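Only this structure's heavy atoms are used, side chains among them; waters, hydrogens and symmetry mates stay out. Predicted model, so just to flag it, every value in this text is computed and none were measured. In this chain, numbering begins with 1 at the start of the sequence shown.
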Amino acid sequence: MQDGSTATETADANANMAMTFLQGLAEKAASFLPSVAGALVVLVLGLWIAGRIKRLAAAGMARTGRIDETLGGFLSSLIYYGLIVLVIITTLGVFGVPTTSFAAVIGAAGLAIGLSLQGTLGHVASGVMMLGFRPFDVGDFVEAAGVSGTVKSIGLFTTEMATVDNKKIIVPNGKIFDDVITNYAGYPTRRVDLVFGVSYGDDLDKAMALINAEVEKESRVKSDPEPTVAVDNLNASSVDIVCRDWVERDDYFPVKWALLKAVKERFDAEGVSIPFQCLTLYQEQAA
């Protein structure tokens with residue numbers, strides 16, 4: 001009877017301990033329940049607001065028409081992920097987790113990542129500046145970072161160009177933005193500068209009149225500003241006559257090639273000579 005009584009007492013004690021543990025666990029869960037519910041509400045609502053702000057920011061930048069689609073997507077995503085980090089930190093704070101040290105860890109990690117990727121981040125920053133300020137657009141012929149070509153695409157890290165012989169060139173944005181950029185398509189019009197050398201024995205007024213006549217025949221040359229034909233230089237073997245005409249930028253090379261051919265043929269027909277460079281050799285006689 002004594003052994004049975006001892007076993008019963010032990011079982012009752014174990015049951016009481018289990019009940020006490022469960023009651024304590026229920027009390028702790030009940031105390032945490034408001035915090036968990038609040039954290040879930042903050043998380044869900046914060047994620048929804050972040051997504052909404054991202055869409056509104058992207059739509060707003062698209063409506064301006066001054067921000068590139070690539071830049072708009074990058075900035076809206078940057079806003080979104082920044083808000084996500086803020087929502088997570090706020091959620092942890094509502095849940096009862098100390099966020100001061102957590103924010104410090106995030107800041108230190110961001111600093112370490114920034115230092116390790118400073119070259120890459122520099123190209124990204126240059127890409128953002130290029131997409132925002134637009135020193136050139138896709139399709140423009142530019143000269144920058146020691147290369148020249150037609151711009152095919154502008155990304156956040158690199159810019160792709162095609163040379164005149166259709167070679168593909170990929171240039172880091174940092175090198176382009178830190179260098180002098182020459183955009184040959186930056187303005188709607190360009191000036192065609194041509195130089196024709198004639199002999200010293202030729203009639204300069206006649207040569208200039210012939211050049212003017214060919215310029216007047218070319219319909220793609222603009223009348224305003226008025227074309228200029230003038231004597232520009234006296235070289236060792238020729239008198240240089242400069243011809244400056246304004247054309248639409250897309251007509252630059254066609255007009256240049258057409259006028260060079262037309263003036264040369266007109267000079268030949270009218271007897272105006274284009275001198276060749278001459279070299280005179282003097283030979284000393286041995287004593």
Side-chain angles (χ1 to χ4, degrees), residues 134-154 159-169 171 176 179-284:
R134 282 296 185 181
F136 51 79
D137 293 313
V138 174
D140 291 350
F141 188 87
V142 302
E143 182 178 342
V147 298
S148 58
T150 302
V151 179
K152 293 298 183 181
S153 65
I154 306 172
T159 295
E160 180 183 333
M161 299 183 190
T163 63
V164 291
D165 56 347
N166 206 31
K167 293 178 182 177
K168 182 178 180 180
I169 301 178
V171 188
I176 295 178
D179 197 8
V180 176
I181 301 173
T182 302
N183 186 355
Y184 292 95
Y187 298 113
T189 58
R190 287 189 63 188
R191 192 180 72 185
V192 180
D193 291 349
L194 301 175
V195 178
F196 300 98
V198 300
S199 174
Y200 273 90
D202 287 321
D203 187 342
L204 295 181
D205 290 333
K206 177 183 177 180
M208 293 168 63
L210 294 176
I211 295 173
N212 270 316
E214 295 304 318
V215 170
E216 292 176 358
K217 292 180 183 178
E218 180 53 66
S219 61
R220 291 168 292 188
V221 173
K222 292 183 173 294
S223 58
D224 185 21
E226 185 178 357
T228 300
V229 177
V231 175
D232 184 61
N233 195 21
L234 301 177
N235 280 326
S237 59
S238 66
V239 179
D240 290 344
I241 300 176
V242 65
C243 175
R244 293 174 176 171
D245 313 310
W246 288 90
V247 299
E248 296 291 334
R249 67 186 184 194
D250 293 336
D251 293 331
Y252 178 84
F253 285 106
V255 170
K256 177 180 179 180
W257 297 330
L259 284 179
L260 285 173
K261 181 176 183 294
V263 172
K264 171 61 170 63
E265 292 176 347
R266 189 67 181 273
F267 276 6
D268 291 344
E270 299 292 338
V272 177
S273 60
I274 299 177
F276 297 96
Q277 289 187 352
C278 298
L279 180 64
T280 302
L281 297 178
Y282 295 93
Q283 183 176 3
E284 294 183 359

Can you tell me how far the [atom1] atom of [X] sits from the [atom2] atom of [Y], to the nearest 0.5 Å?
X      : Y      : atom1 : atom2 : answer
Glu218 : Lys256 : CD    : NZ    : 14.5 Å
Thr150 : Ile169 : OG1   : CD1   : 10.5 Å
Glu265 : Glu214 : CD    : CD    : 8.5 Å
Asn212 : Thr228 : CG    : OG1   : 9.5 Å

With the side chain counted from C-beta on, respond yes when [X] and [Y] share a heavy-atom pair under 4.5 Å apart, and no when they do not.
X      : Y      : value
Pro135 : Asn183 : no
Asp137 : Val151 : no
Asp245 : Arg220 : no
Leu260 : Phe196 : yes
Tyr252 : Val192 : yes
Tyr184 : Arg249 : no
Val231 : Met208 : yes
Leu210 : Val263 : no

Minimum-distance pair of heavy atoms, taken over all atoms of [X] and [Y]:
X      : Y      : answer
Ala144 : Ile176 : CB-CG2, 4.0 Å
Ala185 : Asp140 : CB-OD1, 3.6 Å
Gly197 : Asp240 : CA-OD1, 3.7 Å
Val215 : Cys243 : CG2-SG, 3.7 Å
Ala207 : Val198 : CB-CG1, 4.2 Å

For [Y], is there any backbone N or O sitting under 3.5 Å from a side-chain donor or acceptor partner on [X]?
X      : Y      : value
Lys217 : Ala262 : no
Asn235 : Ser237 : no
Asp202 : Ser273 : yes

Practice task
Would you check, one step at a time, whether the test side chain to side chain contact (heavy atoms under 4.5 Å, CB included) holds for Val147 with Lys167?
Solution key: CA-CA 11 Å; Val147 298; Lys167 293 178 182 177; over 6 Å; no
